[in-house]
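Here is the structure we will look at.
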Amino acid sequence: MNSLKNYWDFLLQPNLEQNTFRFRIKLWNFLVVLGLDVVIVAILLGVIYSVKYFGWLDINLYNEPDVPNMIMLVSWVLSVTLVIPLIEELVFRLHLRPTKVNLGISVVAIIIYPIVNFFPKNCSAALMTIIGASVVLLLVLYFAFSGRINRMIEEQWHKNYLIVFCITALVFGGVHILNYKLTLSLLIFSPLVVAPQLFLGVNIGYLRVRYGFGWGLLLHIVHNIVFAVIPIVLINPAILGFSSNKNALVLGYPPEVAAPVAYHLRIEEGRESIFNTYKLSPEEILFEGTKMKAVFSRLANADSAKVFFEEPAIGRKILNVKFLNESQGTPMSYTKTRHFLIGRLLKKYNLKGELFIIPAGNWILTCKQYSEIIPGLPDKGNIKAKSGNITVKDATISDLAEKIESLYHVRITSLANNREEHTFIIPKNDIMALREVLSRNYGLDMNKTETKTTRFYISSRE
């Protein structure tokens, strides 16, 4: 209880008092603060996920790192758990005890931090020289007048320590908003989004002031392991190289559903209407003048962009569909009604449906929306790979996907299983150039999934 009381007293009135407890007591107090940090931050993340779930906030909290090999993976883990915490502690916490050395190091860190994080990577040598010279000049000026400056800063720190501490925590939390793509929803919910980092900053500040710089740094490291490294590994286990489900899982869809005892069903082709009429309920489903792709999209409860046809022309057919469940006393669930109607549509047009469950980090190869593959064309010369091209002759789309997998050591799910054979000329080792070549020369899209995703693929039964 004393640990919590000391923590609460500090939050009410931050001050520069430093405790000289034995190591065992410091460790116990650290564990108490760590426990508070994990519990409160987990609750805050739960609230953020809830807001995201209802569609009010559009952010990706955990982006998969680009770690194609074990060396890059180790570098990423060290960066997240050691390098970044150390730099941020030098910038945001070292100055909380204003000594000559601490302030000098903080000045350098504060100048370097935005350069490393926010300046373009191709920053010119001249600009870097100017920045470096400015850092040296500031240090010379500081140490030349350090006695007077240090006394003045210490006096202001003691007088206004509550303001200093709060501003430090607020700035530390605020800069983390730049981890995400700026959108209107992000700006609206920004206080909630940065709340976990703000709370972390308060906790680290407490440990840094009361027990020393090392204890604050240790909390930062453990926090990043718990809330950055572990979640990303759990969400994207493939980055460790031993995922048991690297390939897409393919399921027949929809599941078999028994027909209602009595029902009326009419499916006919018609003309596209300016206003697409539809009604969806367990007892009645109605579509008027609607493209087949949109019909399947609504029945499968999927975004239209996630429904693919082997023959795109079939998806453009205009349908009029009417279903009535006329059974008395035997209601049918909404899900079963939709599955039953999908099955009838597939049967009428001799089609089969498959559900592709694609792990995060896989690539998806598809024909461009509403278009067939462009017949094999020679390379137009508008895109050149850095180290040459390779010709894939007499290949189907599935054959091309397998070739790309072997060349680039990636996993590809092909949703463009056109059975015709073509000749493809593609870059050997430049994946960005490869995507452009496939798009411009062959009408194919190749995109990487950031999270586990689902696609509904409809093809001929033949």
Min side-chain heavy-atom separation [X]-[Y] under 4.5 Å:
| X | Y | result |
| --- | --- | --- |
| F356 | I364 | no |
| I357 | L251 | yes |
| V437 | P427 | yes |
| L407 | I426 | yes |
| I358 | T454 | no |
| E269 | L319 | yes |
| I318 | R271 | no |
| L45 | I48 | yes |

Roughly how far, to the nearest 0.5 Å, is the [atom2] atom of [Y] from the [atom1] atom of [X]?
| X | Y | atom1 | atom2 | answer |
| --- | --- | --- | --- | --- |
| L365 | D445 | CG | CG | 8.5 Å |
| F424 | K403 | CZ | NZ | 13.5 Å |
| L400 | E402 | CG | CD | 10.0 Å |
| F340 | L345 | CZ | CG | 10.0 Å |
| L96 | L94 | CG | CG | 8.5 Å |
| S79 | L86 | OG | CG | 11.0 Å |

For the pair [X] (side chain) and [Y] (backbone), establish whether a donor and an acceptor sit closer than 3.5 Å, ignoring hydrogens and angles.
| X | Y | result |
| --- | --- | --- |
| S50 | G46 | yes |
| E405 | I412 | yes |
| T337 | S333 | yes |
| K293 | V307 | yes |
| R411 | N362 | no |
| T290 | F287 | no |
| T391 | I425 | no |
| R435 | M446 | yes |
| E310 | S460 | yes |
| T81 | V77 | yes |

Should we say atom OH of Y408 is surrounded by more than 12 heavy atoms from elsewhere, each under 6.0 Å from it?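 Yes, the 6.0 Å shell around OH holds more than 12 heavy atoms from other groups.
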Provide the closest heavy-atom pair for [X] versus [Y] in the form atom of the first, atom of the second, distance.
| X | Y | value |
| --- | --- | --- |
| P85 | I221 | CB-CG1, 4.1 Å |
| S185 | L57 | O-CD1, 3.6 Å |
| N325 | P260 | OD1-CB, 3.6 Å |
| P231 | V226 | CD-O, 3.2 Å |

I458/F296 under side chain to side chain contact (heavy atoms under 4.5 Å, CB included): CA gap, chis, key distance, verdict: CA-CA 9 Å; I458 302 167; F296 276 110; 3.7 Å; yes
List in chain and number order the residues that pass side-chain contact (heavy atoms from CB on, under 4.5 Å) with A300, two or more places apart in sequence or in another chain; answer none if no residue qualifies.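 Per chain and number, A300 pairs via side-chain contact (heavy atoms from CB on, under 4.5 Å) with Y253, A302, I342, F456.
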W363 vs K448, side chain to side chain contact (heavy atoms under 4.5 Å, CB included): CA-CA, chis, key distance, verdict: CA-CA 4 Å; W363 293 80; K448 189 176 184 181; 3.8 Å; yes
May I have the list of side-chain donor-acceptor pairs in residues 187-205 shorter than 3.5 Å, sequence neighbours left out?
{"unit_1": "S190", "atom_1": "OG", "unit_2": "L187", "atom_2": "O", "d": "2.9"}
{"unit_1": "N203", "atom_1": "OD1", "unit_2": "Y7", "atom_2": "OH", "d": "2.5"}
{"unit_1": "N203", "atom_1": "ND2", "unit_2": "D37", "atom_2": "OD1", "d": "3.2"}
{"unit_1": "N203", "atom_1": "ND2", "unit_2": "F199", "atom_2": "O", "d": "3.3"}

Establish, yes or no, whether the cationic atom of R338 lies under 6.0 Å from the six-membered ring centre of Y334 and within 45° of the ring axis.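 Yes, cation above the ring, under 6.0 Å and within 45°.
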Step by step, work out the ring-ring contact (aromatic ring centres under 6.0 Å, His included) result for Y457 and F309. CA-CA 6 Å; Y457 185 70; F309 283 79; 8.7 Å; no
Are side-chain N/O atoms of R455 and T453 paired as donor and acceptor at under 3.5 Å?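 Present: a donor and an acceptor within the cut-off.
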May I ask you to check whether T168 and H95 show a side-chain donor-acceptor distance below 3.5 Å?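 Distance-only check passes for T168 and H95.
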Go through K317 and K291 one step at a time and tell me if the side chain to side chain contact (heavy atoms under 4.5 Å, CB included) criterion holds. CA-CA 5 Å; K317 288 180 179 290; K291 290 182 179 179; over 6 Å; no
Would you please name every residue forming a salt bridge (charged side-chain N to carboxylate O under 4.0 Å, His left out) with E268, sequence neighbours left out?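 Result, salt bridge (charged side-chain N to carboxylate O under 4.0 Å, His left out) vs E268: R266.
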Step-by-step side chain to side chain contact (heavy atoms under 4.5 Å, CB included) determination, L299 to L280: CA-CA 8 Å; L299 290 176; L280 300 174; 4.2 Å; yes
Criterion ring-ring contact (aromatic ring centres under 6.0 Å, His included) against H220, the qualifying member of F92, W215, F213, F172: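 Of F92, W215, F213, F172, ring-ring contact (aromatic ring centres under 6.0 Å, His included) with H220 is met by F172 alone.
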